[in-house]
Protein chains: 2
Amino acid sequence: MRADARRNVEGIRRAALDVFRTGGLTTPLDEVARAAGVSKGTIYHRFGSRTGLIDAVVEELVAARIGDIIEAVDALDGPLLRFEEYLLRTWLLQYDEPAANDVLMRVPPDSEPLTTLFERACQFGRRLLHEAQTAGVVRADLTPDDLTYLILERGVIVRACDQQTRDDYHRRLDFVLRGLRAARG
Amino acid sequence: MRADARRNVEGIRRAALDVFRTGGLTTPLDEVARAAGVSKGTIYHRFGSRTGLIDAVVEELVAARIGDIIEAVDALDGPLLRFEEYLLRTWLLQYDEPAANDVLMRVPPDSEPLTTLFERACQFGRRLLHEAQTAGVVRADLTPDDLTYLILERGVIVRACDQQTRDDYHRRLDFVLRGLRAARG
DNA sequence: CAGCAACTTGACGCCGCGGCCAAGATAGTG
DNA sequence: CACTATCTTGGCCGCGGCGTCAAGTTGCTG
């Protein structure tokens with residue numbers, strides 16, 4: 001690979017990080033190209049497809065954020081707190097980072113890094129759900145699929161209702177959490 | 001207006017009722033045209049725009065359904081039951097009738113009949129919310145705007161997650177309703 | 001039955017985006 | 001310096017839907 005090509009690859013990666021950060025993983029590749037100072041064709045030449053480009057940046061862009069949540073939530077006390085805090089932080093991440101939202105919603109075509117990332121978040125959530133249900137603090141009729149849906153739903157909402165303020169969004173999340181608690185809790 | 005034109009107008013209206021019923025108010029007009037056995041141009045000639053066509057059918061298509069809900073719910077006993085049943089039925093209507101969903105989400109450009117219809121549903125909901133809050137059975141921090149949002153959100157979800165079964169959808173609505181009740185309820 | 005006004009048609013331009021590729025530019029080597 | 005393999009460019013096509021209009025057709029009237 002020639003030196004200029006290597007430079008371009010790096011430039012495109014940086015540009016993608018930047019553009020995807022604010023616009024999500026579905027931003028037109030022309031914008032990435034413009035930000036990188038190359039043409040659209042070069043991106044396709046270097047990364048094969050949008051998916052290829054995403055795979056090249058998703059780790060740095062999203063994995064860390066999800067890892068942070070898992071780590072922080074895992075350190076909390078009490079199954080209800082952990083469960084609710086996990087959902088809350090994930091939902092807020094979906095609001096704050098369109099790219100993370102895209103991963104959680106499985107918007108881009110599946111690929112190995114994306115699946116890995118998604119599964120990691122998913123598994124963790126299921127563990128928390130199970131613990132919380134065992135402790136009797138969360139509705140027993142909530143299924144792992146429901147959990148996935150709760151996150152998917154929120155993603156859809158974030159995408160569609162982009163005019164709502166973060167504060168309003170946050171306040172309304174509390175309504176949803178309440179609905180998931182066990183009746184006696 | 002010539003006889004064939006009058007026939008066509010009626011045919012287009014019928015076709016629109018049919019097509020919009022299953023596909024919502026954003027179905028491509030070519031489909032309506034095909035169903036009516038005319039060309040797209042004729043629709044534009046006769047109704048001016050998609051909005052014009054919608055106005056011509058929305059009454060028959062949606063108003064009745066919303067009216068039914070208001071009537072049925074109004075006859076129920078107890079402010080909590082009325083409030084919850086109103087939301088539940090509206091949410092199910094959104095699932096069952098894409099066209100009604102479009103109206104409730106204000107998808108098509110505003111027009112007088114659409115606004116009227118929307119406001120009617122909205123006012124009724126606000127009344128029920130107020131009654132329920134006065135009775136102390138629904139969270140006091142729920143605002144009328146939240147109510148609008150709860151319906152808008154559901155609309156977005158219905159549109160995006162069209163693979164979920166009605167039963168699952170219905171079951172999950174219960175989670176949401178629980179979250180809206182007053183803490184002691 | 002002629003002739004015109006009313007009516008209908010369907011192809012066309014437009015838009016934004018995705019993906020591709022022939023032609024031109026350039027880095028690095030002998 | 002010249003040459004070639006590598007690389008980049010940007011224009012082109014496809015897609016799906018909207019809205020329009022010149023040209024062709026048809027109902028109605030005298």
Side-chain angles (χ1 to χ4, degrees), chain A residues 1-16 18-20 22-58 98-99 102 105-111 114 159-160 162, chain B residues 1-16 18-20 22-58 98-99 102 105-111 114 159-160 162:
Chain A
M1 207 193 236
R2 243 162 60 176
D4 56 338
R6 223 169 310 123
R7 244 181 290 126
N8 274 337
V9 167
E10 194 42 37
I12 292 169
R13 238 185 58 88
R14 276 183 211 289
D18 215 57
V19 170
F20 284 168
T22 62
L25 302 177
T26 58
T27 314
L29 288 195
D30 303 71
E31 278 184 44
V32 178
R34 210 176 317 128
V38 299
S39 102
K40 198 175 32 159
T42 305
I43 298 184
Y44 279 96
H45 185 50
R46 290 291 150 217
F47 294 89
S49 63
R50 153 175 254 110
T51 309
L53 180 57
I54 290 175
D55 287 351
V57 298
V58 73
D102 289 337
M105 290 181 65
R106 323 218 70 173
V107 169
D110 273 349
S111 73
L114 284 178
R159 290 190 133 218
D162 52 357
Chain B
M1 209 193 232
R2 243 162 58 177
D4 55 339
R6 222 170 309 123
R7 245 181 290 126
N8 275 337
V9 167
E10 195 40 38
I12 292 168
R13 239 185 56 89
R14 276 183 211 288
D18 216 55
V19 170
F20 284 167
T22 63
L25 302 178
T26 59
T27 314
L29 288 194
D30 303 71
E31 278 185 45
V32 178
R34 209 177 317 128
V38 299
S39 103
K40 196 174 33 155
T42 306
I43 297 184
Y44 281 96
H45 185 49
R46 289 291 151 221
F47 294 89
S49 64
R50 154 173 252 111
T51 309
L53 181 56
I54 290 176
D55 287 353
V57 297
V58 74
D102 289 336
M105 291 180 66
R106 321 217 70 172
V107 169
D110 273 348
S111 73
L114 285 177
R159 292 190 130 216
D162 50 358

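To find a chain, count down the sequence lines: A is the first, B the second, and so on, and within it residues start at 1.
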Asker: Please confirm whether the backbone N or O of G23(B) pairs with a side-chain atom of T27(B), one donor and one acceptor, at under 3.5 Å?
Answerer: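 It does hold such a pair.
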
Asker: Give the rounded distance in Å between these two atoms: CG of L29(A) and P of dC17(C).
Answerer: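 Distance check: L29(A) CG to dC17(C) P gives 11 Å.
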
Asker: Quick check on DNA chain D: between S39(A) and T26(B), whose nearest nucleotide comes earlier from the 5' end?
Answerer: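 The residue closer to the strand's 5' end, by nearest nucleotide, is S39(A).
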
Asker: Over how many whole Å does the gap from R34(A) atom CZ to dT9(D) atom P extend?
Answerer: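 Computing the R34(A):CZ to dT9(D):P distance gives 14 Å.
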
Asker: Round to a whole Å and report the spacing from CD1 of I54(B) to C1' of dC18(D).
Answerer: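 For the pair I54(B) CD1 and dC18(D) C1', the rounded distance is 13 Å.
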
Asker: What is the separation between atom NE2 on H45(B) and atom P on dA5(C), rounded to the nearest whole Å?
Answerer: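 Whole-Å distance recorded here is 15 Å.
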
Asker: Respond yes when some side-chain nitrogen or oxygen of Y44(B) is under 4.0 Å from OP1 or OP2 of dT20(D), and no when none is.
Answerer: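 Result: no.
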
Asker: Do the side chain of D102(B) and the main chain of G24(B) share a donor and acceptor less than 3.5 angstrom apart?
Answerer: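 Between the backbone of G24(B) and the side chain of D102(B) there is no qualifying donor-acceptor contact (under 3.5 Å).
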
Asker: Indicate yes or no: at least one non-hydrogen side-chain atom of F47(B) is less than 4.5 angstrom from one of V9(B).
Answerer: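 The answer is yes; the side chains approach within 4.5 Å.
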
Asker: dG17(D) P sits how many Å from I43(B) CD1, rounded?
Answerer: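 One finds 14 Å between P of dG17(D) and CD1 of I43(B), rounded.
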
Asker: Please determine, for the side chain of R50(B), which listed nucleotide (dT9(C), dG19(C), dG19(D)) has the closest atom?
Answerer: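 That would be dG19(D).
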
Asker: Is a donor on one side and an acceptor on the other found under 3.5 Å between the side chain of R14(B) and the backbone of A36(B)?
Answerer: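 No: the side chain of R14(B) does not pair with the backbone of A36(B).
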
Asker: Between dT26(D) atom C1' and M1(B) atom CE, what is the distance in whole Å?
Answerer: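 M1(B) atom CE is separated from dT26(D) atom C1' by 16 Å.
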
Asker: Which is true for R6(A) with a 4.0 Å heavy-atom rule: it touches a base, it touches only sugar-phosphate, or it touches nothing?
Answerer: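 Nothing, no heavy atom under 4.0 Å.
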
Asker: So does R106(A) pair up with D110(A), basic N to acidic O under 4.0 Å?
Answerer: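 A salt bridge is present here (some side-chain N lies under 4.0 Å from a carboxylate O).
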
Asker: Provide, to the nearest angstrom, the distance between the CD1 atom belonging to I12(A) and the C1' atom belonging to dT9(D).
Answerer: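 Atom-to-atom, I12(A) to dT9(D), this comes out as 12 Å.
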
Asker: Regarding dG19(C), can its base be found pairing with the side chain of K40(A) as donor and acceptor, where the two atoms are less than 3.5 Å apart?
Answerer: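 When only heavy-atom distances are counted, K40(A) does reach the base of dG19(C) through a donor-acceptor pair under 3.5 Å.
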
Asker: Going by heavy atoms in the side chains, are V58(A) and F20(A) under 4.5 Å from each other?
Answerer: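 Side-chain contact under 4.5 Å: no.
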
Asker: In terms of the nearest nucleotide of DNA chain C, which residue is placed more toward the 5' end: T42(A) or V38(B)?
Answerer: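 Looking at DNA chain C, the more 5' nearest nucleotide goes with V38(B).
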
Asker: I need the CZ-C1' distance between F47(A) and dC7(D), as an integer number of Å.
Answerer: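 Going from CZ in F47(A) over to C1' in dC7(D) covers 14 Å.
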
Asker: Any chance you could list the contact pattern along nucleotides 25-30 of chain C? Use B for base contacts, S for sugar-phosphate-only contacts and - for none, protein heavy atoms under 4.0 Å, 5' to 3'.
Answerer: -BSS--

Asker: So, the side chain of R50(B) versus the backbone of P109(B): is there a donor-acceptor pair under 3.5 Å, distance only?
Answerer: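 Side chain of R50(B) to backbone of P109(B): no pair is present.
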
